[in-house]
Amino acid sequence: MIRATPNLAGISIRGDILDLQGLYDALSEILGEDTEPGSEYEMPALHILAICYELRQAWQGCRTVEFVENGMDANARQNLRTLGPPSNVYFQTRILLPQVLFAVMALYDFIEIHSRSLKIPALNREIQQVQLFQSEVVSALQEILEPAGAKLLARLVYGTVPRYRSFCTQYVDLLTEKYLKQTPEKRLQQIIPLARRLNELGSDYQRLLSDLAETAAELNCQIADLETINDPPVIADQEW
């Protein structure tokens, strides 16, 4: 289950251990060899792997858990003639909204690449599971938008692919920092502009890319080796 968090800092991903492990495995399979250093998709792949890390941390009990009624009441136990717990354990993790929105958009590139090696991509279980994840994230955001905004979000997310070859994810970090400085009300207003910036990669992205390329040349390293100056944001539970 995927929902926007109360203050729109991000989205929550909740499910049992099989749900989270299944999504983790599907994402890992779709990424394939593009996580290797020097790959054209190295930075987007590493960004999505960070979400995989959160999923693994969740089912290992390092995030939060919730007990959900499973229907095993007294009548069910009597009819089944067996004992069983009345609830299941659901694990939960949270991903910052700009981070997960970029991941959902970039995954279309990886699906397109992965499909090239398949005879019938539409029947591939990993692709189906990743597409379900994408759909659930988009649906969770559409639920909090006006109808016109919900339609525009879908058009921006389901854009032309590939989009993110040689993309520098420092841009996502920059957008995340700016987004989290907003109030919850203003965050709601920023979802569509955020999706548009990630889709169009306009002048602000091009300036950042030029600056990063210049710095990498001076340091004799790759853009992927450059880290953002500010530390990753830490969000308190009540701020999500």
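L141 has its side chain within reach of L101: a pair of non-hydrogen atoms, C-beta onward, lies under 4.5 Å apart. Within the 4.5 Å cutoff, the side chain of L20 has no heavy atoms near those of the L23 side chain. Under the 4.5 Å side-chain criterion, counting only non-hydrogen atoms from C-beta, L198 is not in contact with V157. When side chains are defined from C-beta on, Q134 counts as touching Y108, because their heavy atoms get closer than 4.5 Å. In this structure, the side chains of M1 and I13 stay at 4.5 Å or more apart for every pair of heavy atoms. For the pair D109 and F167, the minimum side-chain heavy-atom distance is 4.5 Å or more. Counting heavy atoms from C-beta outward, I191 and I144 have side chains that approach closer than 4.5 Å. Between D204 and R197 there is a side-chain heavy-atom pair separated by less than 4.5 Å.
Looking only at distances, no side-chain donor or acceptor of E177 sits under 3.5 Å from a matching main-chain atom of L174. N124 places no side-chain N or O within 3.5 Å of a backbone atom of P121 that could act as its donor or acceptor partner. Within the 3.5 Å criterion, the main-chain N or O of A26 finds no donor-acceptor partner in the side chain of E126. At least one donor-acceptor pair under 3.5 Å links the side chain of S115 to the backbone N or O of I111. In this structure, N7 contributes its side chain and P184 its backbone to no donor-acceptor pair below 3.5 Å. Checking side-chain atoms of E66 against main-chain N and O of F91 turns up no donor-acceptor pair under 3.5 Å. Using modelled atom types, no side-chain atom of E54 and backbone atom of I95 make a donor-acceptor pair closer than 3.5 Å. Checking side-chain atoms of T183 against main-chain N and O of K186 turns up a donor-acceptor pair under 3.5 Å. Here the side chain of Q170 pairs a donor or acceptor atom with the backbone of I223 at under 3.5 angstrom. Between the side chain of D25 and the backbone N or O of G22 there is no donor-acceptor pair closer than 3.5 Å.
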Checklist entry - Is there a side chain to side chain contact (heavy atoms under 4.5 Å, CB included) between Q182 and Q189 once you walk through the steps? => result CA-CA 10 Å; Q182 306 296 322; Q189 299 171 6; over 6 Å; no
Checklist entry - Please walk me through it: do N88 and D16 pass side chain to side chain contact (heavy atoms under 4.5 Å, CB included)? => result CA-CA 8 Å; N88 293 339; D16 62 26; 5.8 Å; no
Checklist entry - Does the side chain to side chain contact (heavy atoms under 4.5 Å, CB included) test come out yes or no for I11 and T5, once each step is laid out? => result CA-CA 5 Å; I11 59 102; T5 58; 5.6 Å; no
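Remark: Q60 CD is packed, more than 12 non-hydrogen atoms of other residues, nucleotides or ligands lying under 6.0 Å away. Heavy atoms from other residues, nucleotides or ligands lying under 6.0 Å from CD1 of I120 number 12 at most. Heavy-atom neighbours of N220 CG from other residues, nucleotides or ligands within 6.0 Å: at or below the threshold of 12.
C168 SG to Q222 CD: the interatomic distance, rounded to the nearest 0.5 Å, is 13.0 Å.
A donor atom on one side chain and an acceptor atom on the other are found under 3.5 Å apart for Q99 and T176. Judged by distance alone, the side chains of R187 and Y179 never bring a donor and an acceptor atom under 3.5 Å apart.
A pairwise comparison of heavy atoms in H47 and A103 identifies CD2-CB, 4.2 Å as the closest pair. The shortest non-hydrogen separation linking W240 to A236 is CD1-O, 3.2 Å. The nearest pair of heavy atoms linking T93 to R63 is OG1-CG, 3.9 Å. The two atoms that bring C52 and L27 nearest to each other are SG-CB, 3.7 Å, heavy atoms only. The minimum heavy-atom distance linking A154 with Q142 is given by the pair CB-NE2, 3.7 Å. Looking at every heavy atom in both residues, L31 comes nearest to A45 through CD1-O, 3.8 Å.
No continuous path of ILVMFWY side-chain contacts below 4.5 Å connects L132 to I17, so the two sit in separate hydrophobic clusters. Y53 is not connected to L97 by any chain of hydrophobic side-chain contacts under 4.5 Å among Ile, Leu, Val, Met, Phe, Trp and Tyr, and they are in different clusters. Under the 4.5 Å side-chain contact rule for hydrophobic residues, I2 and V89 share a cluster. Residues L209 and L219 fall within the same hydrophobic cluster, defined by Ile, Leu, Val, Met, Phe, Trp and Tyr side chains chained together at heavy-atom separations under 4.5 Å. In terms of hydrophobic clustering, with Ile, Leu, Val, Met, Phe, Trp and Tyr side chains grouped at heavy-atom distances under 4.5 Å, L18 and V68 are assigned to different clusters.
Residues meeting the salt bridge (charged side-chain N to carboxylate O under 4.0 Å, His left out) test with R116, sequence neighbours left out: E112.
Checked against the 6.0 Å centroid threshold, F67 and Y90 do not count as a close aromatic pair.
Using a 30° and 60° split on the angle between ring planes, Y164 and F102 fall in the perpendicular class, above 60°. Aromatic ring pairs are classed by plane angle as parallel below 30°, tilted from 30° to 60° and perpendicular above 60°; the pair Y205 and Y171 is perpendicular.
Salt-bridge check for R94 with D237: passed, with a basic side-chain N closer than 4.0 Å to an acidic carboxylate O.
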